[in-house]
Amino acid sequence: MTRSLVLGCSMLALAGCGADEIVSPGTGGNITINNPPAPAPTPTPTPTPTAGVTPAAGCPTISDPQGLTDGGTISGPTGVYRVCTLPSRFAVSSTLRQIDGLVYQLDGQVDVGTDQGAASTGTGVVLTIEPGVIIYGQGSAFLNVNRGNQINAVGTATDPIILTSRDNVLGLNNDNSSGQWGGLIINGRAPITDCSAPAATPGTVGCNRLVEGTPTPPEYGGANPADDSGDYAFIQIRYSGFVLTNGDELQSLTTGGVGNGTTFDSIQSVNSSDDGVEFFGGEVNVTNLAVIGAEDDSLDFDTGVQGNLQFVLAAQRPGVGDTIMEFDSSNANSDNTPRSDVTISNATFIANSGVGDQVLRIRGEADFSLLNTVVVDNSAGTPCIRIDEDGTLAAAGSQPDENGPPTFDSVVLDCTTNFRNGTDNPAAEAEAAFDAGSNNNKAFTNTLQMSYINGANETALTDTDPTGEETGGTTGFFVDAGFVGAVQNASDGRFSQFTCNTAVINFGTANTGACTSLPTP
């Protein structure tokens, strides 16, 4: 090494001389360089083994003949990983295996199958993702399931599937990181409103829409409320919401026209720079949903969605976020049917943003039911409930498919101001709708433990049996949990294993640790 350095420096010195100073070997002179004898080279030290993960030997074979591209390795504080880049489109059903020391990369938009169309039946391509798999993206990269195709991503409580950003793998994130990649989009063939073609009839096979926030928007919509876009369980979606070229952002999870044949269980969204989860139309059922640190709405419902959610925890970062829930029926605030109709039971909503807007906003002539829920504003300035438009508070049957005003049962409010004036509706009308329910308390003082687990005051509440309250074509979804709120007590482990920990909510999760880091085998 020393000889090479000396010789290289000597040649640089010669190169710096003018033409008259060096006699060319071909024109009458030789150049002799007298270097001193080189000392024995210092032995190269043996590298210290990297702590934690070591890279897999290579990328596995998948059924799709395009295969995976070996992208070398990527290093972070948890170790070194083999990078296997996914094809831009899965054309053949394939499985992403969990292999220690291996992460999968989204290089831009990655599609599962091609759009089968609104009138299609059957399933094209199925992408199976094994428990413990880590997939990362950067910038505008996102994972998209086209209509008529499926992802079966079923992790376990101790081995969740993680969809995250490159910076997260590199160990560059902190508790305020966000917007580092796109997110997960799932498209289906269930009914929607706000059709792209103005002449189309909402809720029919001719009513389709384009996914917002994408440069090459996929389509969603159809006439099959039981459509099946796959199974999704024990999944973390971290640091999503990158701003794309058209100025739009994606959510952690976006569903468009997804049918009730699709299952969602135990999903965590972490620090989305837009919404945590947004549901566009379809018939969607979700259990055990945790949305932490979203910078717009934690939950957003729109374009005729029929939905049922149970055990929902949403918490904002201090000083960040819009509403916990924004609920619309159609973008045009019209009488389009199917009218959005969603029932949520056993939720804990924790507002921290301090924006002074509202925690829950219901509008667009939507139908909505909230049961067994704790609503808290920790910022001491955000009203709990706002209801907009006369039609949202209209009596049942007064408009097409109208079920009546929003209903509240076993809902407690802990906000400095509980109700806010809405468009066309004074705060007193929202309060009257709230007071019409049973077991409600608008003068509640929360005693939440670890900021999300029921304390003494929550335990003393009277719950309402939600069974039989399902909307859409779903039956038998709700269970009578016997308590109010998302988490009954410290022994209730529904969120304490598959999640990762943030400064907002520390679930005490040992197997996956902090969201800013990757779990190690």
Side-chain angles (χ1 to χ4, degrees), residues 154 157 225 231-235 252-253 255 258-269 276-279 282-292 297-301 305-315 324-325 327 340-350 359-360 362 366-376 403 406-412 437-440 448 452-454 458-459 461-489 491-499 505 507:
V154 180
D231 298 308
Y232 305 83
F234 299 105
I235 299 173
S252 283
L253 173 63
T255 71
V258 168
N260 61 39
T262 311
T263 62
F264 296 96
D265 178 25
S266 301
I267 309 293
Q268 182 186 22
S269 164
V277 182
E278 185 159 14
F279 305 101
E283 294 198 5
V284 183
N285 301 313
V286 186
T287 55
N288 302 328
L289 173 63
V291 180
I292 311 301
D297 307 317
S298 298
L299 308 170
D300 199 343
F301 303 88
V305 59
Q306 312 280 297
N308 304 283
L309 291 81
Q310 189 167 22
F311 308 115
V312 180
L313 172 64
I324 290 286
M325 186 196 75
F327 191 60
S340 287
D341 190 355
V342 171
T343 300
I344 300 176
S345 182
N346 296 99
T348 300
F349 295 145
I350 305 168
V359 181
L360 309 178
I362 309 164
D367 291 322
F368 177 69
S369 297
L370 187 64
L371 299 88
N372 303 317
T373 292
V374 177
V375 182
V376 174
N403 289 337
T407 62
F408 305 88
D409 293 289
S410 297
V411 177
V412 296
S438 60
N439 304 319
N440 295 328
L448 294 172
Y452 75 101
I453 298 173
N454 284 356
E458 291 78 19
T459 301
L461 296 171
T462 301
D463 69 297
T464 298
D465 184 354
T467 57
E469 297 293 327
E470 293 84 3
T471 60
T474 298
T475 59
F477 172 80
F478 288 111
V479 298
D480 184 7
F483 61 90
V484 174
V487 181
Q488 182 177 19
N489 51 44
S491 299
D492 183 342
R494 72 184 66 253
F495 292 114
S496 63
Q497 286 188 300
F498 78 93
T499 51
I505 298 288
F507 294 100

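Contact between Asn439 and Asp463 at its shortest, heavy atoms only, is ND2-O, 4.0 Å. Between Thr373 and Val484, the shortest heavy-atom distance links the atoms N-CG1, 3.6 Å. Considering every non-hydrogen atom in both Phe495 and Phe311, the closest pair reads CZ-O, 3.6 Å. Here the closest non-hydrogen pair linking Asn440 and Val411 is OD1-N, 2.9 Å. Here the closest heavy-atom approach between residue Val312 and residue Ala486 is recorded as O-CB, 3.4 Å. The shortest heavy-atom contact between Ser252 and Ser269 is OG-OG, 2.8 Å.
Rounding to the nearest 0.5 Å places CG of Leu289 at 9.5 Å from OG of Ser298. Interatomic distance, OG1 of Thr262 versus CD of Glu283, reported as 10.5 Å (0.5 Å rounding). The distance from the CG atom of Leu371 to the CD atom of Gln310 is 9.5 Å, given to the nearest 0.5 Å. Considering CG of Leu253 and CZ of Phe279, their distance stands at 6.0 Å, rounded to 0.5 Å. Between Thr459 atom OG1 and Asn489 atom CG the span is 7.0 Å, to the nearest 0.5 Å. Of the inter-residue distances, the one linking Ile350 atom CD1 with Leu448 atom CG reads 5.5 Å to the nearest 0.5 angstrom.
At least one side-chain heavy atom of Ser438 sits less than 4.5 Å from a side-chain heavy atom of Asp409. Residues Val291 and Leu299 have side chains in contact (heavy-atom distance under 4.5 Å, counting atoms from C-beta outward). In this structure, Ile362 and Met325 have side chains that are in contact, with non-hydrogen atoms separated by less than 4.5 Å. Side-chain contact between Leu370 and Ile344: present, with at least one pair of heavy atoms (C-beta onward) separated by less than 4.5 Å. The shortest distance between side-chain heavy atoms of Ser369 and Glu469 does not fall below 4.5 Å. Side-chain contact between Thr471 and Asp367 is absent, with no heavy atoms from C-beta onward closer than 4.5 Å. Between Thr343 and Glu470 the shortest side-chain heavy-atom distance does not fall below 4.5 Å. Counting only heavy atoms from C-beta outward, the side chains of Val342 and Val305 approach each other to under 4.5 Å.
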Full working for side chain to side chain contact (heavy atoms under 4.5 Å, CB included) between Ser340 and Phe301
CA-CA 8 Å; Ser340 287; Phe301 303 88; 5.6 Å; no
Given the rule in the side-chain hydrogen bond (donor to acceptor under 3.5 Å, both in side chains) test, do Asn372 and Ser345 qualify, once you have shown the distances and angles that lead to the verdict?
CA-CA 5 Å; Asn372 303 317; Ser345 182; 3.1 Å; yes
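Between Phe264 and Tyr232, the ring-plane angle classifies as parallel under the 30° and 60° cut-offs. Classified by interplanar angle (parallel below 30°, tilted 30° to 60°, perpendicular above 60°), the ring pair Phe327/Phe368 is tilted.
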Determine all donor-acceptor pairs shorter than 3.5 Å in which one atom belongs to a side chain in residues 474-481; sequence neighbours excluded.
{"unit_1": "Thr474", "atom_1": "OG1", "unit_2": "Asn285", "atom_2": "OD1", "d": "3.4"}
{"unit_1": "Thr474", "atom_1": "OG1", "unit_2": "Asn285", "atom_2": "ND2", "d": "3.0"}
{"unit_1": "Asp480", "atom_1": "OD1", "unit_2": "Gly482", "atom_2": "N", "d": "3.4"}

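Under the 3.5 Å distance criterion, with hydrogens and angles disregarded, a donor-acceptor pair is assigned to the side chains of Asp265 and Thr287.
A distance below 6.0 Å separates the ring centres of Tyr452 and Phe507.
Using modelled atom types, no side-chain atom of Asp341 and backbone atom of Gln306 make a donor-acceptor pair closer than 3.5 Å.
Considering Asn346, Thr499, Asn288 in turn, Asn288 is the only one that fulfils the side chain to side chain donor-acceptor pair (under 3.5 Å) rule with Arg494.
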